Amino acid sequence: MDAPYAKLDQLEPGIARVLAHNPSAFTYFGTQTYVIGEAEVAVIDPGPDLPEHVDALEKAIGGRRVAAIMCTHTHRDHSPAARPLAKRIGAPIVGCAPLALETVGPRADAAFDGDYAPDRVLADGDSLEIDGEPVTAVATPGHTSNHLCFAYRGALFSGDHVMGWSTTVVVPPDGDMAAYMQSLDKLRQREDRVYYPAHGPAVTNPRQYVRHLVGHRMQREKQILGLVGSEPRSIPDIVANAYPGLDPRLTAAAGGSVYAHLLDLERRGLVEQQQDRWKTA
Ligand SMILES: [Zn+2]
């Protein structure tokens, strides 16, 4: 399939998408940047700092006033283009907090954009207005500790918290499985009509889809408990048993996800660690 890079795709009145050319095993065809609003706009998840993507965004904006460049979180495929775009169009960077970490601290890793410097941080429930209509932050930690979704006209821009093509990567130390599950639960209480994720197609049945994601994680947790219940196991051993036929490029992410489950289970007193093996507590 030819993905439509650097092209403006109008999804509904007031919501358009530009796909960045950064396809990978983690980003699907690439990061989807959204341009929302009409006379006045906001840009959601400007994406990686690729000149042709920033050009495409500037063209999509078409000289309209930009109320904000908004970032759901600070992974490198989401926030780096905020800076060159802000410079070109003179708009503020608004949204998630920078990660509360020293750039070389234990929560940082190469996937994070350590240069992200917002002009305004939105807390849960904070809004800004585009053409008099609110865009509201919904705090959804889990994939990262600083992750926000943005609600606008009944749509939820779900970033990497809920994606349309794959389950979300939750990798410690910054990723947190218990927080992720709580954030899924938070979405279940909402009545959004559609999700526009940063990767993959729109989710048109949000409540059902979130229920399915919760079920998937609970199934995975049960499977991990079963595996460590039969004998003490290392994480690679659990991955080999729990993810048959896994794309080798995703082995590390699967290991991180298993580790996130184990830490959550340990906190709940259900498993314990013995050297590099885990067993039932
Ligand atoms: Zn991410």
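Throughout, residue positions are numbered sequentially from 1 according to the sequence presented. Note that ligands are numbered from 1 as they come in the structure, with each ligand's atoms numbered from 1 the same way. Note that the coordinates shown come from a computational prediction; the quantities given were computed from them, not determined experimentally.
Checked against the 6.0 Å centroid criterion, the rings of Tyr28 and His199 do not qualify as a close aromatic pair. Ring centroid separation for the pair His161 and His143 does not come in under the 6.0 Å cut-off.
When you scan the N, O or S atoms of His143 for the one nearest the Zn ion (ligand 1), you land on NE2.
At a threshold of 4.0 Å, the pair Glu191-Arg207 counts as salt-bridged, since one of the basic side-chain nitrogens sits closer than that to a carboxylate oxygen.
Contact annotation: the side chain of Arg188 approaches that of Val214 to within less than 4.5 Å [non-hydrogen atoms, C-beta and beyond].
Among the atoms of His73, an N, O or S atom falls under 2.8 Å from the Zn ion (ligand 1).
Between OD2 of Asp160 and ND1 of His75, the angle at the Zn ion (ligand 1) works out to 170°, rounded to 10 degrees.
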